[in-house]
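The structure appears right after this line, and notes come after that.
All figures in this text were calculated on a predicted structure; none of them were measured in a lab. Per chain, numbering begins at 1; letters A, B, ... match sequence-line order.
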Amino acid sequence: MYTFKKDERLGNYRLQSLLFNQGKAFFQYPFRIQYLFLTKEELHQYFLCQQSDAASAVFQFPAKCLVSVSKRQIKKAVHRNKAKRLCREAYRKNKNTFYTFLKKKNYLAVLAFIYTADRILSYDDVEEAVQKAINKLGEKLREEQTRAVNR
RNA sequence: AAGGCAGGCUGUUCUGUCGCGUUCCGUUCACACGGAAUGAGGAAAGUCCGGGCAACACAGAGCAACAUACUUCCUAACGGGAAGCCGGCUGUUUUCAGCUGAGAGAAAGUGCCGCAGAAAACAACCGCCUAAGUGCAGUUUCGGCUGCACCGGCAAGGGUGAAAACGUGGGGUAAGAGCCCACGGCUUUUGCGGGUGACCGCAAAAGGGGGUAAACCUUAUGUGUUGAAAGGCCAAAUAUACCGGGGGCAGAGGGUUGCUCGCCCGAUCCCGGAGGGUAGGCCGUUCGAGGCGUCGCGCGAGCGACGUCCCAGAUAAAUGACAGAAGGCAUCCGUUCCGGAUGCAACAGAACCCGGCUUACAGGCCUGCCUUUUUU
RNA sequence: GGCUCCGUAGCUUAACUGAAUAGAGCAUCUGACUACGGAUCAGAAGGUUCCAGGUUUGAAUCCUGGCGGAGUCA
């Protein structure tokens with residue numbers, strides 16, 4: 001239920017470049033959120049050149065997420081780790097509504113949470129920001145879908 | 001008791017809920033699920049040294065480059081450490097204690113030493129002297145004498161400077177000088193004694209022309225080069241298709257080595273343009289110069305014997321979040337012990353592994369020394 | 001994970017083969033010129049030479065250790 005397994009994380013190089021080249025982004029302090037919504041058909045298009053069964057194996061969950069903290073903003077490794085842990089914890093607790101929404105719409109999502117503050121915020125602030133971000137993501141998905149239907 | 005300095009050790013603990021990495025067990029075709037165990041540091045950091053390990057078909061020689069530099073020892077090794085020697089500084093009850101030192105060679109050679117100062121290194125500007133020699137003038141008892149100049153001699157004195165050619169005293173001299181002597185100090189050599197040795201003590205002889213080697217350098221010793229992005233295996237995917245220029249079996253080019261030689265491979269090789277594919281997994285990888293305890297040896301760094309334990313292995317990168325309790329520190333309140341409230345909790349996160357060094361660090365504990373105060 | 005390089009006025013830099021006041025340009029300030037401003041002219045101020053030690057008589061320079069910032073290697 002409240003899990004954050006390896007398969008929910010984004011580690012694949014191709015998906016990452018896809019996300020940062022073709023995805024869209026918005027701000028929700030302290031995050032810059034890069035996102036990309038895909039249908040299963042679209043996903044298969046990108047992976048068609050090689051094993052297509054591997055593509056569906058990548059998505060055990062309806063979303064893959066990565067957290068990034070810039071070395072430019074936060075110098076010390078300890079503090080970067082701390083920030084990433086807080087983000088993951090908040091995402092873990094608040095992702096479920098987003099997951100069910102994605103499943104209902106039959107979409108897949110690729111996300112990146114980029115931490116842009118220059119200091120560590122408290123857990124409560126981080127959690128609030130993540131909740132707002134997830135709500136915004138839901139709205140974005142709805143817009144995306146209506147646009148696709150119109151087309 | 002308080003404060004300071006030096007050295008060493010330590011670096012909050014427990015419970016509950018949710019969650020993460022790895023390993024094992026069970027269920028399952030598989031995904032996955034359940035359970036159990038385990039999960040950051042003294043610096044994991046800086047990457048400053050030294051190794052292990054791996055590759056270069058590691059034959060080899062020379063040069064270059066780099067590093068180290070009192071002695072003995074420890075160590076796998078080190079530029080690390082221990083104990084000493086010598087020098088410097090400080091203190092003092094000067095036979096002592098503490099701190100500190102990149103501490104070989106300047107008598108192998110080259111270079112440099114601004115300003116100031118006469119002079120900064122084979123001294124001679126001012127100065128002192130006129131004994132030997134020459135010239136001129138004066139004087140003369142015709143032997144000389146006096147004065148000036150030249151040629152000379154000397155290094156005592158000269159406001160400088162970081163540094164001035166052994167110091168003080170005496171003799172000596174035309175004037176002077178280690179030129180000679182006494183005392184003192186330094187360097188080198190030899191002998192004797194002590195010490196494993198650096199070195200120390202005593203005696204004798206010889207000698208007096210500075211500093212700088214973190215300037216070049218000399219001597220001795222050491223270093224082959226490259227680093228886990230090493231290296232090995234598996235899977236997947238392909239195209240040198242095309243254009244321009246240049247070189248090549250009389251040897252192009254390559255073999256991860258600074259250069260030369262040598263050795264080995266050797267016929268498509270280099271540059272530019274324009275393109276295609278991949279960027280996954282496994283091993284290496286965590287049992288090791290390992291940790292802990294006891295005993296013995298050694299002044300010590302350390303070493304040996306026995307017993308016991310297995311203790312992170314991620315890869316866009318695992319240790320977190322919340323709540324409660326206890327302990328610590330600081331402040332405030334009441335104040336007899338003490339109780340209550342609030343706040344804070346350092347430096348910092350393994351990435352092949354070890355041994356050091358360096359740097360960062362709240363609070364606490366221990367040892368030694370010093371200072372002040374109180375009591376006996 | 002490894003390797004290389006660089007830190008000088010507010011900015012861009014010089015002096016890096018040790019030598020005593022660290023030199024310039026732009027910017028700043030003051031004055032002159034102008035009715036006013038700009039431009040121009042004259043002058044002034046501004047430096048922990050990234051930091052801490054050491055060598056030397058003397059260090060921006062040489063050596064050692066830190067701090068900060070770039071670049072590079074599949």
Side-chain angles (χ1 to χ4, degrees), chain A residues 1-138 140-141:
Chain A
M1 212 46 185
Y2 295 106
T3 57
F4 192 55
K5 295 282 186 186
K6 227 171 177 177
D7 286 328
E8 296 176 70
R9 303 178 191 194
L10 175 55
N12 188 285
Y13 183 86
R14 290 178 75 96
L15 270 178
Q16 279 174 41
S17 52
L18 199 67
L19 170 63
F20 285 101
N21 287 332
Q22 302 195 10
K24 296 171 183 171
F26 64 91
F27 271 95
Q28 173 62 54
Y29 181 81
F31 296 108
R32 177 175 189 271
I33 291 150
Q34 189 93 20
Y35 66 97
L36 183 66
F37 296 113
L38 294 168
T39 59
K40 284 191 175 145
E41 292 73 32
E42 284 172 328
L43 181 73
H44 280 288
Q45 267 181 7
Y46 287 116
F47 279 82
L48 204 61
C49 45
Q50 50 248 23
Q51 17 15 352
S52 55
D53 55 336
S56 58
V58 162
F59 275 90
Q60 297 293 331
F61 292 87
K64 287 176 87 69
C65 172
L66 73 83
V67 174
S68 174
V69 181
S70 170
K71 197 172 185 178
R72 189 173 292 276
Q73 297 293 338
I74 298 180
K75 298 283 184 189
K76 303 280 186 184
V78 184
H79 300 155
R80 278 201 302 279
N81 279 349
K82 179 83 173 172
K84 287 161 94 170
R85 283 166 181 163
L86 289 173
C87 295
R88 281 202 297 264
E89 178 71 11
Y91 179 75
R92 180 177 77 79
K93 285 192 173 171
N94 295 287
K95 68 180 181 178
N96 278 345
T97 54
F98 185 57
Y99 273 25
T100 52
F101 191 67
L102 276 173
K103 277 178 185 164
K104 204 166 69 185
K105 302 283 183 185
N106 204 16
Y107 263 82
L108 301 173
V110 183
L111 307 174
F113 285 79
I114 298 162
Y115 193 88
T116 56
D118 57 354
R119 60 192 170 79
I120 295 178
L121 303 174
S122 71
Y123 175 73
D124 294 337
D125 294 341
V126 172
E127 185 165 24
E128 192 185 341
V130 168
Q131 281 170 354
K132 283 183 181 171
I134 283 174
N135 291 338
K136 275 193 186 178
L137 277 171
K140 299 278 180 188
L141 176 58

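Here the separation of U68(B) from G50(B), taken at their C1' atoms, is 13 Å to the nearest Å. Comparing G224(B) with C50(C), their C1' atoms are spaced 39 Å from each other, to the whole Å. Annotation: G284(B) and C233(B) have their C1' atoms spaced 11 Å apart (nearest Å). Comparing the same atom, C1', in A323(B) and in A346(B) gives a spacing of 25 Å after rounding to whole Å. Going from the P atom of U221(B) to that of A215(B) covers 26 Å, rounded to whole Å. Nucleotides A289(B) and U218(B) have their C1' atoms positioned 39 Å apart, rounded to a whole Å. Nucleotides C310(B) and G339(B) place their C1' atoms 49 Å apart, quoted to the nearest Å. Comparing the P positions of A163(B) and G109(B) gives a spacing of 27 Å, expressed to the nearest Å.
The CZ-C1' distance, from Arg88(A) to A321(B), rounds to 12 Å in whole Å. At whole-Å resolution of the value, CD in Gln131(A) and P in A321(B) are 18 Å apart. Atoms NZ (Lys93(A)) and C1' (G320(B)) sit 10 Å apart, rounded to a whole Å. Taking atom NE2 of His79(A) as the reference point, atom C1' of G349(B) lies 11 Å away to the nearest angstrom. For the pair Asp124(A) CG and C322(B) P, the interatomic distance rounds to 7 Å; values are reported in whole Å. Atom OH in Tyr91(A) sits about 15 Å away from atom C1' in G19(B), given to the nearest Å. A318(B) atom C1' lies 14 Å from atom CD of Glu89(A), rounded to whole Å. Here A321(B) presents its P atom at 12 Å from CZ of Arg92(A), a figure rounded to the nearest Å.
Distance check: His79(A) NE2 to Ile120(A) CD1 gives 5.0 Å after rounding to the nearest 0.5 Å. Interatomic distance, Glu128(A) CD to Asp125(A) CG, rounded to the nearest 0.5 Å: 6.5 Å. Atoms NZ and CD, on Lys24(A) and Gln34(A) in that order, are 11.0 Å from each other to the nearest 0.5 Å. To the nearest 0.5 Å, the span separating CG on Leu66(A) from CD1 on Ile114(A) amounts to 7.5 Å.
The heavy-atom pair separating Ala129(A) from Tyr29(A) by the smallest distance is CB-O, 3.4 Å.
Out of A316(B), G320(B), A348(B), the shortest distance to the side chain of Arg85(A) is found at G320(B). Here the nucleotide nearest the side chain of Lys76(A), chosen from A348(B), C322(B), A316(B), is A348(B).
With the nearest nucleotide of RNA chain B identified for both Val78(A) and Tyr123(A), Tyr123(A) has the one nearer the 5' end.
With both pairing distances under 3.5 Å, A213(B) is matched to nothing as a Watson-Crick or G-U wobble pair. Base-pair partner of G31(C): C41(C) (Watson-Crick or G-U wobble, both distances under 3.5 Å). Base pairing annotation: G343(B) forms a Watson-Crick or G-U wobble pair with C329(B), both donor-acceptor distances under 3.5 Å. The base-pairing partner of C261(B), taking Watson-Crick or G-U wobble contacts with both distances under 3.5 Å, is G60(B). Pair assignment for A164(B) gives none, since no Watson-Crick or G-U wobble pairing has each distance under 3.5 Å. Under the Watson-Crick or G-U wobble criterion, with both distances below 3.5 Å, A36(B) is paired with U23(B). Using N1 to N3 plus N6-O4 or O6-N4 for Watson-Crick, or N1-O2 and O6-N3 for G-U wobble, each under 3.5 Å, A107(B) pairs with nothing. Shown here, C29(B) forms no base pair; nothing in the strands shown gives a Watson-Crick or G-U wobble contact with both key distances under 3.5 Å.
Contacts of Phe27(A) classified as ring pair (Phe, Tyr, Trp, His ring centres under 6.0 Å), with partners at least two apart in sequence or in another chain: none.
Here U56(C) is in the syn range [glycosidic angle within 90° of 0]. Syn is the glycosidic conformation of A40(B), whose angle stays within 90° of 0. For G208(B), the O4'-C1' to base torsion is within 90° of 0; the nucleotide is therefore syn. Base orientation for G248(B): anti, the chi torsion being more than 90° from 0. Look at C125(B): its glycosidic torsion is beyond 90° from 0, and that puts it in the anti range.
At the heavy-atom level, Arg80(A) lies nowhere under 4.0 Å from the strands shown.
The closest side-chain heavy-atom distance from Lys140(A) to Phe26(A) is below 4.5 Å.
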